[in-house]
Each structure stands twice: as structure tokens, then as C-alpha cells.
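Below is one structure; the comments refer to it alone.
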Amino acid sequence: MSNQRPLPKPDQDSLAYWEGARRHELLLQQCGSCQRFRFYPRSLCPHCFSEKFEWRKSAGLGSVYSFTVIHRAPFPAFREKVPYVLALIELNEGVRMMTNIVGCDPNMVEIGMPVEVTFEDLNEEITLPQFKPAKAS
Ligand code: ZN
């Protein structure tokens with residue numbers, strides 16, 4: 001297996017999402033019929049099956065819904081990253097995203113912890129939205 005980190009491959013549904021990430025904006029689709037947000041990007045609303053939607057910029061704020069600490073790298077390219085946090089984040093817009101929590105000791109992560117989006121530029125095309133503990137306001 002290669003030492004290359006596996007990278008997301010934007011497709012027709014997710015292209016705008018990845019272009020937003022490159023500008024350090026977290027974009028979500030909002031249904032034009034029922035107004036609910038959804039994630040991951042797809043062409044039909046999972047709630048009402050409408051094809052109408054708009055891309056909206058998320059505030060990038062949410063909380064930890066669930067998480068696990070990864071101690072064994074799933075790919076050789078992740079060996080230097082363990083231990084790291086794989087988490088399900090619930091954004092304030094009501095959608096959940098599978099992501100990593102970075103910028104803190106994995107042992108301090110807990111369910112309900114407030115988090116905010118942060119962006120890691122992996123290369124010229126792909127920027128990965130991740131989350132870090134939210135600054136106390
Ligand atoms: Zn809908």
C-alpha cells in the first residue's frame with residue numbers, strides 16, 4: 001500500500017463543497033422546498049426528495065455528537081497522526097459531519113464539547129474542513 005494519504009475526490013454533487021473549502025468556507029446545501037440543511041452533498045433532499053437547493057455558508061460552529069480516538073493507523077500515511085480523534089459533529093444548522101478534531105489533546109475531547117471549523121490545505125486542490133475546540137466567547 002502506498003504511503004500517500006488518500007484524498008477526497010470531488011464529484012458533480014460535491015464540487016461546490018470542495019471549492020468552498022478551498023476558500024476556507026464550509027458550505028452546506030439547503031433544500032429549496034423544506035428549507036432543511038443536509039450533509040453530505042447530494043442532488044436530492046433526503047427529507048422531501050426535492051431537487052431544489054442553494055449552497056449556504058455554514059457558521060462552522062457545532063458540538064461533538066460522538067467520537068472515538070484512533071490509535072492504529074488505517075493507512076501507512078496516517079501512522080504519524082495517531083492517536084487522532086474521529087468524530088461526528090453536529091453543526092448548529094442541524095446536520096452531522098464525520099470529521100477529525102484537531103488542535104487539542106485527544107484525551108480532552110468529550111461529548112457535547114463546542115467546536116468550530118478549521119481548514120487544512122492538503123494540496124492545491126483539496127482543503128479539508130476539520131474541527132477544533134471552539135474559543136470561549
Ligand atoms: Zn427538502
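In listed order, ligands and their atoms are each counted from 1. The figures that follow rest on heavy atoms only: side chains count, while hydrogens, waters and symmetry mates do not.
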Expected output: side-chain Glu125 to main-chain Trp18 donor-acceptor under 3.5 Å = no
Rounded to the nearest 0.5 Å, what separation is found between the CD atom of Gln35 and the CD atom of Gln30?
-> 5.5 Å
In this structure, OG of Ser14 is separated from CG of Leu27 (nearest 0.5 Å) by 11.5 Å
From Glu25, Glu120, His24, Glu19, residue fulfilling side-chain contact (heavy atoms from CB on, under 4.5 Å) relative to Thr127 | His24
Measure from the ring center of Tyr17 to the ring center of Phe39 and say whether it is less than 6.0 Å.
-> yes
Should the ring pair Phe53 and Trp55 be called parallel, tilted or perpendicular, given that the plane angle runs from 0 to 90° and is split at 30 and 60?
-> perpendicular
For the Zn ion (ligand 1), which protein N/O/S atoms are closer than 2.8 Å?
-> Cys31 SG, Cys34 SG, Cys45 SG, Cys48 SG
